[in-house]
Amino acid sequence: MAYWLMKSEPDELSIEGLARLGQARWDGVRNYQARNFLRNMSVGDEFFFYHSSCPQPGIAGIARIKAGAYPDPTALDPQSHYFDAKASAEKNPWSAVDVEHVRTFGQVLGLGLLKQQTALEALALVQKGSRLSVMPVTPEQWQAICALAR
DNA sequence: GCCAACGTTGGC
DNA sequence: GCCAACGTTGGC
């Protein structure tokens with residue numbers, strides 16, 4: 001089992017929204033590096049749910065992969081914000097996964113707090129200029145962040 | 001709204 | 001293959 005971190009704008013999907021729904025499709029990833037990480041995910045993998053582009057950016061909880069990567073239907077939907085005119089049913093370069101809620105933290109672990117942690121220096125999230133929205137988390141980083149949540 | 005930094009596009 | 005221009009991300 002592997003660990004990950006994924007960013008979502010709470011206006012689109014928040015940890016509270018996922019808790020309410022129980023599960024959701026994680027779609028709209030339009031970056032090849034992030035997509036490749038999606039494809040490496042296995043059912044049962046857990047990830048930190050990060051809230052981005054919002055008043056309180058940070059890790060808001062934990063969720064789990066319920067179904068591994070499959071072609072992202074939003075790429076084929078002209079109505080979707082994530083529509084990709086170059087994608088087709090035969091050749092859809094984008095992937096989605098299904099996720100389920102695990103835990104909402106009592107308080108959001110703010111980006112500032114995460115940046116203070118020596119144990120997280122290698123995490124793409126806290127590196128200058130990094131915009132990666134899906135990234136791997138090592139077991140050590142996972143433990144360090146879980147400790148902050150207690 | 002600003003802006004730094006990155007990724008993508010497309011002409012050459 | 002280079003690289004300038006453009007679009008996007010995302011914190012502040």
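Predicted, not measured: the structure shown is a model, and the values here were computed from it. Letters A, B, ... are given to chains in the order of the sequence lines, protein chains preceding strands, and every chain is numbered from 1.
Taking atom CD of A:Glu12 as the reference point, atom P of C:dT9 lies 11 Å away to the nearest angstrom. Nucleotide C:dG10 holds its C1' atom 8 Å from the OH atom of A:Tyr50, rounded to whole Å. Here the C1' atom of nucleotide C:dT9 and the CE atom of A:Met6 are 18 Å apart, to the nearest Å. Between the CG atom of A:Leu125 and the P atom of C:dT9 there is a distance of 16 Å, given to the nearest Å. Taking atom CD on A:Glu9 and atom P on C:dG11, their separation rounds to 9 Å, with Å as the unit. In this structure, CG of A:Asp84 is placed 13 Å from P of C:dT8, rounded to the nearest angstrom. Summarising the geometry, the separation between NZ on A:Lys115 and P on C:dG10 is reported as 12 Å, rounded to the nearest angstrom. Summarising the geometry, the separation between NE2 on A:His51 and C1' on C:dG10 is reported as 15 Å, rounded to the nearest angstrom.
Ring geometry for A:Trp26 versus A:Phe47: interplanar angle over 60°, hence perpendicular rather than tilted (30 to 60°).
Residues of residues 27-38 of chain A having a heavy atom closer than 4.0 Å to DNA chain C: none are found.
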Just list the side-chain donor-acceptor pairs under 3.5 Å for residues 67-78 of chain A, sequence neighbours left out, or say none.
| from | atom 1 | to | atom 2 | distance (Å) |
| --- | --- | --- | --- | --- |
| A:Tyr70 | OH | A:Asp98 | OD1 | 2.5 |
| A:Asp72 | OD1 | A:Thr74 | N | 2.9 |
| A:Asp72 | OD1 | A:Thr74 | OG1 | 2.7 |
| A:Asp72 | OD2 | A:Gly28 | N | 2.9 |
| A:Asp72 | OD2 | A:Arg30 | NH1 | 3.1 |
| A:Asp72 | OD2 | A:Arg30 | NH2 | 3.4 |
| A:Asp72 | OD2 | A:Thr74 | OG1 | 3.1 |
| A:Thr74 | OG1 | A:Arg30 | NH2 | 3.0 |
| A:Asp77 | OD1 | A:Gln79 | N | 2.9 |

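In terms of hydrophobic clustering, with Ile, Leu, Val, Met, Phe, Trp and Tyr side chains grouped at heavy-atom distances under 4.5 Å, A:Leu125 and A:Val137 are assigned to a common cluster. When hydrophobic clusters are built by joining Ile, Leu, Val, Met, Phe, Trp and Tyr residues whose side-chain heavy atoms come closer than 4.5 Å, directly or via intermediates, A:Val29 is grouped together with A:Met135.
Of the candidates B:dT9, C:dG10, C:dG11, C:dG10 carries the atom nearest the A:Arg131 side chain, counting heavy atoms from C-beta on. Of the candidates B:dA4, C:dG11, B:dC6, the closest approach to any side-chain atom of A:Lys128 belongs to B:dA4.
Side-chain contact between A:Ile15 and A:Val108 is absent, with no heavy atoms from C-beta onward closer than 4.5 Å.
Note that CZ of A:Arg64 is 14.0 Å distant from CE of A:Met41, once rounded to the nearest 0.5 Å.
Side-chain nitrogen and oxygen atoms of A:Lys7 include at least one within less than 4.0 Å of the OP1 or OP2 phosphate oxygen of C:dG10.
Within 6.0 Å of the CD atom in A:Gln127, the count of heavy atoms belonging to other residues, nucleotides or ligands exceeds 12.
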